There are 2 protein chains.
Amino acid sequence: MPRFTHPRLEDVPLDLALHALADPNRLAMVARLAATERLSCTDAAPCESIPKSTLSNHLKLLRAAGLIETTQAGREMINTLRRAEFDQRFPGLLGAVLANRPA
Amino acid sequence: MPRFTHPRLEDVPLDLALHALADPNRLAMVARLAATERLSCTDAAPCESIPKSTLSNHLKLLRAAGLIETTQAGREMINTLRRAEFDQRFPGLLGAVLANRPA
DNA sequence: ATAATAGTTCGGCATTATTGAACTGTTGAA
DNA sequence: TTCAACAGTTCAATAATGCCGAACTATTAT
């Protein structure tokens, strides 16, 4: 049973947050979660072609950056954006990034 | 004589810009340039301990991300932030990043 | 000319990222 | 119940990046 560790936002350095967002696939996942609230890992995936293990790693990185929270629900893992906490930690950052994301 | 290539900002993808900013040393350099306008490479360096070749690479990356412009002046290279252009390309992004940078 | 300065480039090593394969745990069906 | 399918994770090997010492280029000063 996977037990996920979620950092306190005050322990997340800016560099880590930027690095997490500095990848097209991860950013696409964040954008999806910003729009859809709750998504399983596969549903959060930006496309079908990305391997499961890669997807899992991306989500782990997003967790470590304080961007998402993952909880188990049956056999799927439900991911949600930690929007309020992240915005409090890094005011304006996520908004600016999402606003500048290519369509 | 090094001839630097500076991308058009519309050709800079968001990922590249974020990646350039997602490093403490590079971000510190950007912050310096935001405060000081014109700096040679060594003056832009965040600390004395960082090797020249590493510094040069960081600056190359910042150039590629459209963040700085480098011109030769005698034997030094003068770096300036392409602030207006960058802000036009990614509104609010650099401001948010700099505002959230640790002291 | 020579030496010092400012920085780039190159090449090798170290770190990080990607991904197939094997594994854990959960649900639904026979 | 067992069995198979499903959702994801973990591991290990390979691929791709990053870092930095050493050698190099160009400029200025002596």
Side-chain angles (χ1 to χ4, degrees), chain A residues 1-7 12-13 15-30 32-33 36 38-65 67-80, chain B residues 1-7 12-13 15-30 32-33 36 38-65 67-80:
Chain A
M1 64 308 200
R3 273 298 248 350
F4 301 110
T5 79
H6 297 99
V12 174
D15 321 296
L16 185 58
L18 287 174
H19 179 248
L21 295 169
D23 174 276
N25 288 327
R26 284 194 296 265
L27 185 50
M29 293 193 248
V30 169
R32 281 201 171 201
L33 285 164
T36 318
R38 299 167 51 79
L39 287 173
S40 71
C41 296
T42 47
D43 288 347
C47 59
E48 182 54 44
S49 62
I50 179 170
K52 282 193 304 178
S53 51
T54 302
L55 185 60
S56 188
N57 266 327
H58 282 320
L59 290 166
K60 181 195 274 188
L61 220 157
L62 291 175
R63 268 193 300 275
L67 276 159
I68 66 171
E69 182 180 355
T70 308
T71 60
Q72 186 165 5
R75 61 183 156 188
E76 21 181 64
M77 313 296 162
I78 298 299
N79 303 282
T80 61
Chain B
M1 65 309 203
R3 273 296 249 349
F4 301 111
T5 80
H6 297 98
V12 174
D15 320 296
L16 184 59
L18 288 174
H19 178 249
L21 295 169
D23 175 275
N25 288 326
R26 284 194 296 266
L27 186 49
M29 292 193 249
V30 169
R32 281 202 172 200
L33 286 164
T36 318
R38 298 167 53 78
L39 287 174
S40 70
C41 295
T42 47
D43 288 347
C47 60
E48 183 54 44
S49 63
I50 179 170
K52 282 193 305 177
S53 52
T54 303
L55 185 60
S56 187
N57 267 327
H58 283 321
L59 290 166
K60 182 195 274 190
L61 220 157
L62 291 176
R63 268 193 300 275
L67 276 159
I68 66 171
E69 181 181 355
T70 307
T71 60
Q72 186 164 4
R75 60 184 156 187
E76 22 181 63
M77 312 296 161
I78 297 300
N79 304 282
T80 61

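So that the names make sense, note that chain A is the first sequence line, chain B the second, and so on, each numbered from 1. Model, not experiment: these values are computed from the prediction.
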Rounded to whole angstrom units, what separation is found between the CD1 atom of B:I78 and the P atom of D:dT27?
-> 15 Å
Does the A:Q72 side chain pair with the main chain of A:G74, one donor and one acceptor, at a distance under 3.5 Å?
-> yes
Of the nucleotides D:dC11, C:dG7, D:dG8, which one has an atom closest to the side chain of A:S53?
-> D:dC11
Which nucleotide in the list D:dT27, D:dG21, C:dG25 gets nearest to the side chain of A:Q72?
-> C:dG25
Grab the CG-P distance between A:D43 and D:dA7 for me, whole Å please.
-> 9 Å
Short question: side chain of B:N79, backbone of B:L39 - any donor-acceptor pair under 3.5 Å?
-> yes
Answer with yes or no whether the side chains of B:D43 and B:S40 bring together a donor and an acceptor at under 3.5 Å.
-> yes
Check every strand shown and say whether B:R63 touches a base, only sugar-phosphate, or nothing at a heavy-atom separation below 4.0 Å.
-> sugar-phosphate
Whole angstrom is fine here: how far is it from CE in B:M77 over to C1' in D:dT27?
-> 9 Å
Within this structure, what is the CG-to-C1' distance between B:L59 and D:dG18, rounded to whole angstrom?
-> 15 Å
For A:M29 and D:dG8, what is the distance between atoms CE and C1' respectively, to the nearest whole Å?
-> 13 Å
Presence of A:H19 side-chain N/O under 4.0 Å of D:dT17 phosphate oxygens OP1/OP2 | no
Out of C:dT8, D:dA7, D:dT27, which has the shortest distance to the side chain of B:C41?
-> C:dT8
Given side chains that start at C-beta, do those of B:D15 and B:H19 come closer than 4.5 Å, heavy atoms only?
-> no
To the nearest angstrom, how far is A:R3 atom CZ from D:dT10 atom P?
-> 13 Å
Side chain of B:K60 only, please: which of D:dC19, D:dT9, C:dT9 is the nearest?
-> C:dT9
When all nucleic acid strands are considered with a 4.0 Å heavy-atom cut-off, which category describes B:T54: base, sugar-phosphate, or nothing?
-> base
Output for pair (B:L33 CG, B:L62 CG), nearest 0.5 Å, gives 8.0 Å
Quick note, A:D23 side chain, CB onward, closest among D:dT9, C:dT18, D:dC19 is C:dT18
Side chain of A:R75 (C-beta onward), nearest among D:dC20, D:dA7, C:dG7 | D:dA7
What integer distance in Å separates A:N57:CG from D:dA16:P?
-> 17 Å
Quick one: B:L55 CG to C:dT9 C1', roughly how many Å, whole number?
-> 14 Å
Could you work out which one of D:dA29, C:dG7, C:dT26 sits closest to the side chain of B:K52?
-> C:dG7
